[in-house]
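Taking it in order: structure first as structure tokens, then the write-up.
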2 protein chains.
Amino acid sequence: METLIEKHLPDFRQQMNKMVIFNDEEWNVFAKHLNIKALHKKDHFTRVGEVCKELGFILSGSVRLYHVINGEEKTGYFCLDKEFICSYKSFLKQEPGLSSIQVLEDSLLITLSHIALRQLLDHPVTAYKMERFGRLIAEQLICCYEDRVQAFVTQNPEERYAALLKNNPRILQHIPQHFLANYLGITPVSLSRIRKRIFQT
Amino acid sequence: METLIEKHLPDFRQQMNKMVIFNDEEWNVFAKHLNIKALHKKDHFTRVGEVCKELGFILSGSVRLYHVINGEEKTGYFCLDKEFICSYKSFLKQEPGLSSIQVLEDSLLITLSHIALRQLLDHPVTAYKMERFGRLIAEQLICCYEDRVQAFVTQNPEERYAALLKNNPRILQHIPQHFLANYLGITPVSLSRIRKRIFQT
DNA sequence: CTTTTTTCTTATCTTTTGTTAACGTTCGTT
DNA sequence: AACGAACGTTAACAAAAGATAAGAAAAAAG
């Protein structure tokens with residue numbers, strides 16, 4: 001009988017091929033270290049204060065990353081399907097993280113634990129490709145972050161929201177507005193006012 | 001006679017060893033592709049609209065990264081000595097960049113061109129170590145960006161300034177306040193008011 | 001040392017945002 | 001179907017930030 005992970009590995013391999021092409025030998029070693037995780041809406045992938053122990057790839061679903069400040073949640077990031085998700089600083093340094101990652105809808109993730117990643121980085125068959133994999137994931141994220149920080153430095157909240165509407169409409173679909181508000185660096189009330197201003201013209 | 005770059009390579013190698021240890025053979029191939037650049041205060045390392053053609057390591061000095069919006073400069077990032085600097089998205093994708101990088105004081109940089117990096121990534125002697133080098137640089141930057149985005153999402157300008165005072169006093173030394181203001185996502189006038197509030201208690 | 005330029009502060013006014021609370025709606029649960 | 005919880009909008013007030021201009025202070029240039 002085919003297991004859940006076996007069912008989804010071909011899809012995942014195809015996604016991986018967009019970044020790094022593994023030959024069959026490399027892939028077999030790599031795939032042995034992967035796990036699959038089905039999470040239900042509102043389940044957590046990692047929590048503030050925990051060490052983030054794995055890197056995830058969202059086969060289907062979506063997640064948000066948030067911080068907890070004075071008991072309040074501040075959403076800082078979203079990931080939709082076909083993207084990697086992780087509390088990176090916590091994962092990379094294996095230290096307690098400042099972010100929680102929560103699933104926004106029932107989701108299916110491929111995961112790679114930090115221990116497995118270390119082994120793959122040391123394994124002669126996979127070491128080279130894994131270094132490249134790590135490099136490309138990190139570089140991709142840097143490109144996202146550069147845009148994000150630039151938006152905070154050069155735009156006001158209304159402009160940031162308008163840009164999001166234009167460039168990232170897919171995010172707006174599934175995601176409650178009060179999460180979006182934090183993402184834009186404002187309160188839900190303020191976002192509601194901005195929406196009124198934009199749409200009533 | 002010793003050239004300028006020969007004089008500074010040992011220092012640079014020592015800094016590199018903190019990330020990736022090159023053996024002598026690897027180092028020799030690597031070092032052949034490096035250049036050195038002496039920039040005077042206000043000189044530019046790269047400009048908005050240009051493709052960023054090189055990665056830099058600041059041996060001495062400091063730089064700021066800024067964007068140009070409606071003819072106005074908005075400073076988004078600083079780097080002090082012993083750090084790598086680059087308009088990463090532009091460099092990685094070799095596309096026109098959205099950032100200018102300007103030297104804040106007379107500075108000395110080791111540079112590696114994108115072409116050289118590609119060659120080193122393909123060169124059998126250096127490929128593996130260069131992948132790792134690229135990964136570690138990118139991962140380091142991600143950690144910085146995570147903190148920076150979290151600051152925007154979870155703190156107000158006053159809290160961001162206070163945190164900077166506490167955690168990054170070194171940045172405050174050399175850098176004019178109006179640059180800092182953009183970095184914090186506010187105007188210079190507003191930063192001045194925040195300073196008054198904080199220091200007069 | 002003087003002049004010029006840059007940087008920082010202060011003041012005023014306007015706009016925007018934060019805060020709190022109320023209200024209606026939607027959604028999921030029982 | 002009824003209930004409660006979560007969500008979005010709106011209102012009113014307070015607090016903070018933006019814009020602009022003027023003046024003081026500091027740094028750079030001559």
Side-chain angles (χ1 to χ4, degrees), chain A residues 40-44 62 64 66-75 78 100 102-106 151-165 171-201, chain B residues 40-43 61-62 64 66-67 69-76 78 102-107 151-165 171-201:
Chain A
H40 290 101
K41 184 171 179 171
K42 300 201 180 175
D43 283 349
H44 279 82
S62 54
R64 72 178 176 119
Y66 67 90
H67 309 283
V68 179
I69 308 293
N70 301 129
E72 261 189 283
E73 300 182 357
K74 304 279 184 179
T75 299
F78 303 105
S100 292
Q102 186 188 42
V103 167
L104 287 165
E105 56 197 316
D106 290 358
F152 276 115
V153 170
T154 66
Q155 302 180 314
N156 62 34
E158 181 164 338
E159 292 169 325
R160 289 202 289 276
Y161 180 67
L164 198 66
L165 275 179
I171 283 194
L172 301 174
Q173 315 278 287
H174 304 277
I175 289 165
Q177 231 137 269
H178 62 290
F179 291 161
L180 261 182
N182 310 157
Y183 178 82
L184 295 169
I186 55 178
T187 61
V189 177
S190 192
L191 176 56
S192 184
R193 284 190 285 231
I194 287 171
R195 284 168 52 82
K196 194 179 176 186
R197 250 179 288 162
I198 289 185
F199 293 126
Q200 83 180 174
T201 41
Chain B
H40 290 102
K41 182 170 181 173
K42 298 200 179 174
D43 283 349
S62 54
R64 72 178 177 121
Y66 67 90
H67 309 284
I69 309 293
N70 301 129
E72 261 188 284
E73 299 181 357
K74 303 279 185 180
T75 299
F78 302 105
Q102 186 187 44
V103 167
L104 288 165
E105 56 196 316
D106 291 359
S107 301
F152 277 115
V153 169
T154 65
Q155 303 180 311
N156 62 33
E158 181 165 336
E159 291 169 325
R160 290 202 289 277
Y161 179 68
L164 198 65
L165 274 179
I171 284 193
L172 302 174
Q173 315 278 287
H174 305 275
I175 288 166
Q177 234 139 263
H178 61 288
F179 292 159
L180 261 182
N182 311 156
Y183 178 82
L184 294 168
I186 54 178
T187 60
V189 178
S190 192
L191 176 55
S192 183
R193 282 190 287 230
I194 288 171
R195 284 168 52 81
K196 193 178 176 185
R197 250 180 286 163
I198 289 185
F199 293 124
Q200 81 181 175
T201 41

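These numbers come from the heavy atoms of this one structure, side chains and all, not from hydrogens, waters or symmetry mates. Just so it is clear: chains get the letters A, B, ... in the order the sequence lines come, proteins before strands, and each one is counted from 1.
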message = side-chain hydrogen bond (donor to acceptor under 3.5 Å, both in side chains), that's the test. Do B:Gln102 and B:Arg64 meet it? Break it down for me.
response = CA-CA 5 Å; B:Gln102 186 187 44; B:Arg64 72 178 177 121; 3.0 Å; yes
request  = May I ask you to decide if A:Gly185's main-chain N or O and A:Asn182's side chain share a donor-acceptor pair within less than 3.5 Å?
outcome  = no
task = Using salt bridge (Lys or Arg N to Asp or Glu O under 4.0 Å) as the criterion, list what pairs up with B:Glu105, not counting sequence neighbours.
result = none
query = Taking only residues two or more places apart in sequence or in another chain, which ones pass side chain to side chain donor-acceptor pair (under 3.5 Å) with B:Ser190?
reply = none
Each nucleotide N or O in nucleotides 5-8 of chain C that has a protein N or O under 3.5 Å away: list the pair and distance.
unit_1, atom_1, unit_2, atom_2, d
C:dC8, OP1, B:Gln177, N, 2.7
C:dC8, OP2, B:Gln177, N, 3.0
C:dC8, OP2, B:His178, N, 3.1
C:dC8, OP2, B:His178, ND1, 3.0

query = Can you tell me if B:Asp43 uses its side chain to pair, donor with acceptor, with the backbone of B:Val103 under 3.5 Å?
reply = no
task = Taking side chain to side chain contact (heavy atoms under 4.5 Å, CB included) as the test, write out the residues that go with B:Leu165, two or more places apart.
result = B:Tyr161, B:Leu172, B:Phe199
key: Set of side chain to side chain contact (heavy atoms under 4.5 Å, CB included) partners for A:Ser192, sequence neighbours left out   = none
query = B:Val189: what forms a side chain to side chain contact (heavy atoms under 4.5 Å, CB included) with it, not counting sequence neighbours?
reply = B:Thr187, B:Arg193
request  = Check every nucleotide of DNA chain D for an atom under 4.0 Å from a heavy-atom of chain B, then give the first and the last such nucleotide from 5' to 3'.
outcome  = D:dA17 to D:dA28
request  = Quick one, give me the B/S/- string for nucleotides 13-30 of chain C, reading 5' to 3', where B means a protein heavy atom under 4.0 Å from the base and S means that only happens at the primed atoms, P, OP1 or OP2.
outcome  = ----BBBB----------
request  = Using ring-ring contact (aromatic ring centres under 6.0 Å, His included) as the criterion, list what pairs up with A:Tyr66, not counting sequence neighbours.
outcome  = A:His44
message = Under a 3.5 Å distance rule, please check whether A:Asp106 uses its side chain to pair with a backbone N or O of A:Lys41 as donor and acceptor.
response = yes
query = What residues form a ring-ring contact (aromatic ring centres under 6.0 Å, His included) with B:Phe152, not counting sequence neighbours?
reply = A:Phe152
message = A:Phe179: which residues meet the ring-ring contact (aromatic ring centres under 6.0 Å, His included) condition with it, sequence neighbours left out?
response = none
request  = Kindly calculate the angle separating the two end axes of the helix from C:dC1-D:dG30 to C:dT30-D:dA1, each obtained from five base pairs, and round it to 10 degrees.
outcome  = 60°
